[in-house]
Structures are given as C-alpha cells and as structure tokens.
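Keep in mind that what you see is a predicted model, and the values were worked out from it rather than measured. Hydrogens, waters and symmetry mates play no part in the numbers below; they use all other heavy atoms, side chains included.
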Number of protein chains: 2
Amino acid sequence: MSPAKRANRRVTLQDVADRVGITAAACSMALRDSDRISPTTKEQVRAVAAELGYVGSSAARALRRQRAGAVALIVPTTSKHVFGHSYFMHVLSGVTSVANDHDTQVLIATNADEARGLTAYERVMRSHSADGAILTSAAIEDETVDRLLASGLPLVLIGNFPQLAAAITVSVDDRTASREATEHLIVVHGRRRLLHLTGPLDHQTGVDRRDGFHDAVAAHGLEEEAVSLEGDFSEEAGRQLVEGRADTFDGIVAANDDMAFGALTALRERGRDVPGEVALIGFDDFGLSRVTTPAISTVAVPAEEMAAVATERLLELIDGRAAGWTRRRMDVTFRFRASCGCDQKL
Amino acid sequence: MSPAKRANRRVTLQDVADRVGITAAACSMALRDSDRISPTTKEQVRAVAAELGYVGSSAARALRRQRAGAVALIVPTTSKHVFGHSYFMHVLSGVTSVANDHDTQVLIATNADEARGLTAYERVMRSHSADGAILTSAAIEDETVDRLLASGLPLVLIGNFPQLAAAITVSVDDRTASREATEHLIVVHGRRRLLHLTGPLDHQTGVDRRDGFHDAVAAHGLEEEAVSLEGDFSEEAGRQLVEGRADTFDGIVAANDDMAFGALTALRERGRDVPGEVALIGFDDFGLSRVTTPAISTVAVPAEEMAAVATERLLELIDGRAAGWTRRRMDVTFRFRASCGCDQKL
DNA sequence: CTGAAAGCGCTTACAG
DNA sequence: CTGAAAGCGCTTACAG
C-alpha cells in the first residue's frame with residue numbers, strides 16, 4: 001500500500017478496531033501497551049495499525065486528555081527584533097532538543113505587530129494549545145509575565161526576576177560575571193579609565209551587568225574616571241556611544257557582544273588600537289565575538305543549556321512532578337581573546 | 001474577577017451559553033459573527049464571554065474542523081547542526097511573521113536523534129498537528145521529501161528540487177549567482193587561478209553553486225587552473241581545504257560564508273593577504289560575513305523573504321485557494337565588500 | 001477481569 | 001429562519 005493511498009482518508013482507531021474485531025477502546029489500550037489487553041491482541045492491533053498506517057489524532061487526544069502535548073516558547077518582542085539576536089537561536093535549540101526527547105511539540109509564540117494587538121501570551125492562553133511556556137528576555141515591568149504567572153499556566157522564565165518571588169527561573173549571575181569581567185581589565189590589563197555600555201535598563205540583565213561594572217570600579221577606587229552610558233544591546237548603540245568619546249577611555253566593558261562590536265567599529269574608525277590603546281570586553285558569546293578581528297573577549301552565557309534545563313523543569317511542572325527547584329543558576333565561562341589583550345596572535 | 005480566579009476551571013462555550021440563556025451552538029455562531037444571530041444576542045454573548053474570560057479550545061476546534069490551525073517548519077537534520085547555521089533563524093523569522101498575521105501557530109519539527117528513530121516528518125504526519133509544512137535544506141535524495149509530497153500534505157519547499165516536478169518551491173538561482181560571483185573575481189579583480197570550496201554535493205545548492213563556478217571559469221578559459229574541492233558548508237571544512245594550498249590560488253569562491261571564513265582563517269595563518277594576494281567571496285550573508293575583517297564579499301540570499309513567501313503560499317494551499325505558482329524565484333543581492341578588493345577602507 | 005458508554009469542547013448539517 | 005442533535009477521534013471511568 002503506497003503512502004499516497006493511505007492519505008486519501010484519515011485512518012482512525014475505529015478502522016483498526018473494526019479490522020481486528022475489537023472496540024476502539026481496546027485498541028487504544030493495546031497501543032498504549034496496557035496489561036488489560038492480551039499479548040496476542042496487542043500483536044494483532046500493532047500489525048493492523050502498521051498496515052493501515054494509523055496515526056493518532058493529536059487534536060482528539062489533546063481534547064480527551066486535556067493536554068496539548070506541546071510547550072510554547074514565548075518571546076515578548078516582535079519577531080523581527082528578537083530573531084536578530086542569535087540568542088534566540090540557542091534558546092530554541094535547547095528547548096527543541098529536550099522537547100523532542102519527551103515527545104512534546106514546540107510552538108513559537110512571538111508577538112504579533114502592535115497593530116494587530118494580540119500578544120504572544122494571549123495566543124497561548126487563548127488557544128490552550130500549549131501546556132506550558134518558556135519565557136525569555138522579558139522586561140522587568142512586563143505585565144505579560146505577571147499575568148502569565150497569575151494564570152497558573154506552567155511557566156519557566158529564563159533570566160533574573162528578583163521581584164517575582166513565585167517565578168521559576170534559570171539564569172546566570174550577571175552582576176558577578178560583569179564585575180569579574182571588569183576586574184579582568186583592571187587587574188590583568190591595568191586599565192584605569194573605564195567605560196561601560198549598558199543594555200536596556202528596563203531589563204534586569206542591563207541593570208545587573210551595569211551594577212557589576214560599578215562594583216568592580218568601586219572596589220578598585222576607579223569610580224572617578226568610570227562612566228556608564230545607556231545602550232540597548234544593539235551594535236548601532238555601541239558605535240554611537242563610543243564615537244566622539246574614543247580617546248577618553250583605555251578600557252570598555254560592553255553589556256553584550258553586539259555593542260562591543262559597535263564600539264570596536266567606532267574605535268577602528270578613530271584609529272584607536274584594540275587592545276593596545278583600548279581593551280575591550282563584551283558579554284554573551286552567541287557567535288559574533290569569536291569571528292571579529294580582533295576577536296572579542298567575552299563572558300559566555302550558556303543559553304542553550306539554560307533553555308534545556310528550563311524545558312526539563314517545565315515538563316516536570318506540567319506533569320505535576322516533585323516540587324523541584326525554583327531558581328537555578330548556571331555558570332558563565334570567560335573567554336579572554338584578543339580584544340582585551342590576552343590572546344596575542346594576530 | 002482576577003486572572004487567577006478565571007484559571008481555576010476552564011471556561012467553556014457552554015458556560016457562556018448558560019449564562020446568556022442560549023445554546024452553545026448559538027454562542028459559537030455569535031462569536032463568529034454569523035448573521036443568523038441577532039445583534040442583541042451577539043452583544044450579550046460577547047459581553048459574557050469577555051466577562052468570564054472565555055477562550056476557545058484549540059483542540060476541540062481542531063478536532064471538529066479537521067484543521068490544526070498550525071504549520072510546521074521541518075528541518076531534516078538534527079537540531080544541533082541546523083540551529084548552528086543562522087540560516088534557520090532567518091527562515092523562522094519569515095515563517096512566524098506571516099503565520100502570525102494569519103492566526104496560525106508555528107510548530108518546530110527538527111529531527112530527533114537518530115537513536116530515538118522518529119524523524120521530523122513523521123512527527124508531523126503522525127500527530128496531524130499541523131495543516132501543512134515548510135521544508136528547508138533537504139538533501140537531493142531525501143526520501144522524506146518524496147514521502148511528504150506523496151502524502152498529500154500541503155508542502156512548500158525552500159530550495160531547488162529540479163527532480164521533483166510536483167513540488168512547490170521557493171528558491172534563488174544559485175548557479176547563475178555563483179557564476180556571476182566568480183566572474184566578478186575574474187573580470188573586476190583579474191584573478192586567474194581560482195579555487196572553489198563546494199557545499200555538500202548531495203544538496204542541490206552545493207551542486208548548483210559548483211556548476212556556476214565552472215560555468216564562469218569555462219567561459220573565461222580558466223578551466224586549467226581552476227580547482228573545486230568538496231566541503232560541507234562548515235567553517236572547519238573551509239579551513240582544512242585551504243590549509244596547505246594557501247599559496248596556490250589568487251581567488252577563492254566559497255559556497256557559503258562559513259567556509260569563506262574558514263578559508264580566511266587558513267590564509268591568515270599562512271600570512272597570505274586578503275584581498276591583496278587572494279580575493280575571496282562567499283555566499284549567503286546570514287550575518288557572519290559582514291563582521292569579519294576583512295569583511296567577506298558575498299551573495300546575499302533573502303532567506304527571510306523566501307520563508308515569508310513560502311508560508312503565504314502554504315496557507316493558500318491549505319485553504320485550497322487558487323492554483324497559484326509552483327516555482328518561485330527570488331533575487332539575490334551581491335555585496336562586494338573588502339575580501340574581494342572592492343571595499344578599500346581597512 | 002473486560003466491554004462498551006460517556007464525554008472532552010467545539011461547529012456543522014439537519015430537522016423542524 | 002432557528003433549535004438542538006450529531007459527531008470529530010480519542011481515552012477514562014464505569015457497569016457488568
């Protein structure tokens with residue numbers, strides 16, 4: 001029997017049952033290997049199911065079991081913006097690999113344009129088409145998160161949300177990591193006049209990385225010369241913030257690699273040598289920093305691993321399994337490359 | 001009524017109907033704005049639905065309508081490999097933005113590990129959880145594609161599949177683009193000893209780009225010196241293929257940017273100047289080529305736009321709308337940057 | 001232990 | 001024109 005033939009009409013459990021001469025209910029149990037069904041019958045059912053090319057209807061199962069068998073990955077910004085950051089690619093990779101292992105579908109829920117009005121969160125809630133959600137890169141004051149949390153839908157957040165006591169989160173210690181990155185420029189490379197390019201300060205990540213920078217300069221008595229300027233994680237912001245200020249600093253700590261790259265471009269245009277005259281360090285290591293010249297030193301965030309861990313936890317939550325952890329911290333990895341002066345070649 | 005309260009038990013159409021004093025069927029019609037229902041009743045239904053926070057069950061609707069309201073994005077390789085290429089990110093962005101505009105969910109279907117056995121295609125087929133699929137980066141001889149096509153499931157392919165007469169595809173003209181890129185090195189930059197680093201030759205893209213390279217060298221009588229070496233689109237392959245051969249060529253056409261970057265690394269290690277001694281051009285422009293030094297000249301493939309167009313067509317197919325096109329060609333854009341010698345700065 | 005009904009939440013096709 | 005049954009395809013809870 002060719003695949004084309006089979007597809008003519010959907011094969012249902014009833015079809016299999018008729019052929020074997022039992023009820024659909026028994027068939028269902030046979031396929032789920034219930035011990036109510038005799039080995040002989042199970043064998044027959046399996047054989048017929050295979051022969052007819054039976055595939056269960058996910059809609060019917062979902063309706064009956066009150067379970068979608070899917071998780072949603074929610075990104076509370078327009079898809080255009082978000083996909084531009086390869087962060088999302090790592091997260092998606094982590095989510096799908098775990099979901100795949102648990103026969104769970106992955107739904108992508110990005111916000112529709114403001115114009116159309118529907119938010120990602122509303123799509124998931126409305127449709128009940130996912131049993132839970134992973135939410136990432138949310139702003140501190142995002143009411144979406146509060147509502148999602150209040151709704152009782154299983155939810156795991158990636159990032160730090162100190163104000164949400166009830167939230168289950170997976171994160172890195174941005175503040176400590178940023179402090180250590182800054183100290184690296186101070187201690188190892190002897191930089192004294194430091195500039196910090198912040199992320200958006202309505203995101204906890206932006207705040208924490210900035211605070212870590214300040215911790216470091218304060219600890220080393222360099223507050224006087226230190227400056228931090230507000231950016232938005234974009235390469236363009238990095239470039240603009242450094243343009244015209246290129247001569248003022250001997251070290252730059254950017255809150256992410258995109259901004260570090262923007263800074264690098266601006267420094268290059270002004271003829272400032274990196275790392276000779278200005279040591280530079282970024283944050284994230286999602287791809288860009290490794291391929292530039294000089295390669296950008298950075299703090300690697302294990303985004304894929306965080307997403308995988310978050311998804312494991314989400315599936316536990318959905319299954320109502322053991323209480324488990326509420327806040328999970330993952331380790332960052334420092335990658336000291338050429339832009340800070342560590343890696344000498346080229 | 002707080003969101004938390006509402007979530008205690010699911011609100012069904014019946015609940016709304018009871019409150020208004022009509023049947024669930026009438027309610028359903030009212031919400032879909034049927035003209036069988038009086039304006040007054042519609043108003044009441046809407047008010048009650050809003051008050052109770054009614055959201056329809058996607059599973060129930062899917063079961064009844066025999067429509068999932070979702071499309072699947074299938075990637076026939078392991079997720080790890082694929083997400084590594086930012087190509088996928090662009091595709092996903094295109095698919096979600098169109099799907100969002102049509103109230104359609106997006107499902108990600110990557111292959112599970114070989115060990116677990118289930119392929120992406122089988123997940124979609126089995127579950128009937130998507131009404132159609134977008135398939136990308138498939139190998140020429142991939143039986144998945146044949147079976148998917150034969151199954152009758154609405155399907156749109158991204159890429160060239162000349163051997164599949166029945167397939168609906170969105171693609172770029174890789175062969176012509178590759179020929180023109182090669183001719184650019186020959187005509188504009190006077191290169192004579194050319195090396196081509198191919199993609200995997202079990203993919204049409206690999207074959208077409210290689211053929212375009214050969215078209216160009218043949219047209220200019222440079223076959224003698226020209227060499228093409230089989231790669232696999234990885235940076236590592238680009239590096240290895242050029243290592244030890246760095247002195248032999250004055251122009252390299254890589255089938256994608258990752259390999260071009262690998263080649264660049266190998267040339268740099270050998271102290272060969274790019275573009276002075278070796279002019280280099282890549283293909284794709286999915287992100288990497290713009291940020292290297294020198295920036296890599298390349299042929300920009302409009303992946304996001306292709307995905308958007310493919311999704312539009314897929315939705316037409318699902319709706320059974322007008323026949324429409326079968327093969328759609330999109331234009332590439334040449335980005336001549338520093339690595340071929342066009343952009344002089346730095 | 002096992003057979004078959006009931007019902008998940010919708011929407012369409014039918015009866016009145 | 002409108003009311004309410006039937007049924008999408010499953011699986012669980014119940015009756016025997």
(message) Just the rounded figure in Å: distance from P of D:dG7 to CG of B:Leu63.
(response) 14 Å
(message) Walk along nucleotides 10-16 of chain C from 5' to 3' and tag each nucleotide B, S or - by protein heavy-atom contact under 4.0 Å, base first, then sugar-phosphate.
(response) BBBBB--
Could I get the full list of side-chain hydrogen bond (donor to acceptor under 3.5 Å, both in side chains) partners for [X], not counting sequence neighbours?
X	value
A:Gln14	A:Asp18
B:Asn160	B:Ser171, B:Arg329
B:Ser58	none
B:Ser38	B:Thr41

(message) Can you list everything that forms a side chain to side chain contact (heavy atoms under 4.5 Å, CB included) with A:Ala47? Sequence neighbours excluded, please.
(response)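 With sequence neighbours excluded, A:Ala47 shows a side chain to side chain contact (heavy atoms under 4.5 Å, CB included) to no residue whatsoever.
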(message) Defining pairs by Watson-Crick or G-U wobble geometry with both distances under 3.5 Å, how would you list the stems of DNA chain D with at least three pairs each?
(response) C:1-3 with D:14-16, C:5-12 with D:5-12, C:14-16 with D:1-3
(message) Both B:Ile37 and B:Gln66 contact DNA chain D. Taking the nearest nucleotide for each, which residue is further toward the 5' end?
(response) B:Ile37
(message) Considering only residues two or more places apart or on different chains, which pairs with a residue in residues 53-75 of chain B satisfy salt bridge (charged side-chain N to carboxylate O under 4.0 Å, His left out)?
(response)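 Qualifying pairs, neighbours excluded: B:Arg67-B:Asp319.
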(message) For residues 26-41 of chain A, which residue pairs pass the salt bridge (charged side-chain N to carboxylate O under 4.0 Å, His left out) check, not counting sequence neighbours?
(response)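 Found A:Asp33-A:Lys42, A:Asp33-A:Arg46.
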(request) Examine the side chains of A:Thr136 and A:Tyr87 and answer whether a donor and an acceptor come within less than 3.5 Å of each other. (result)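 A:Thr136 vs A:Tyr87: donor-acceptor pair found between side chains.
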(message) Between C:dA13 and D:dC10, how far apart are the two C1' atoms, rounded to whole Å?
(response)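 Roughly 22 Å separates the two C1' atoms.
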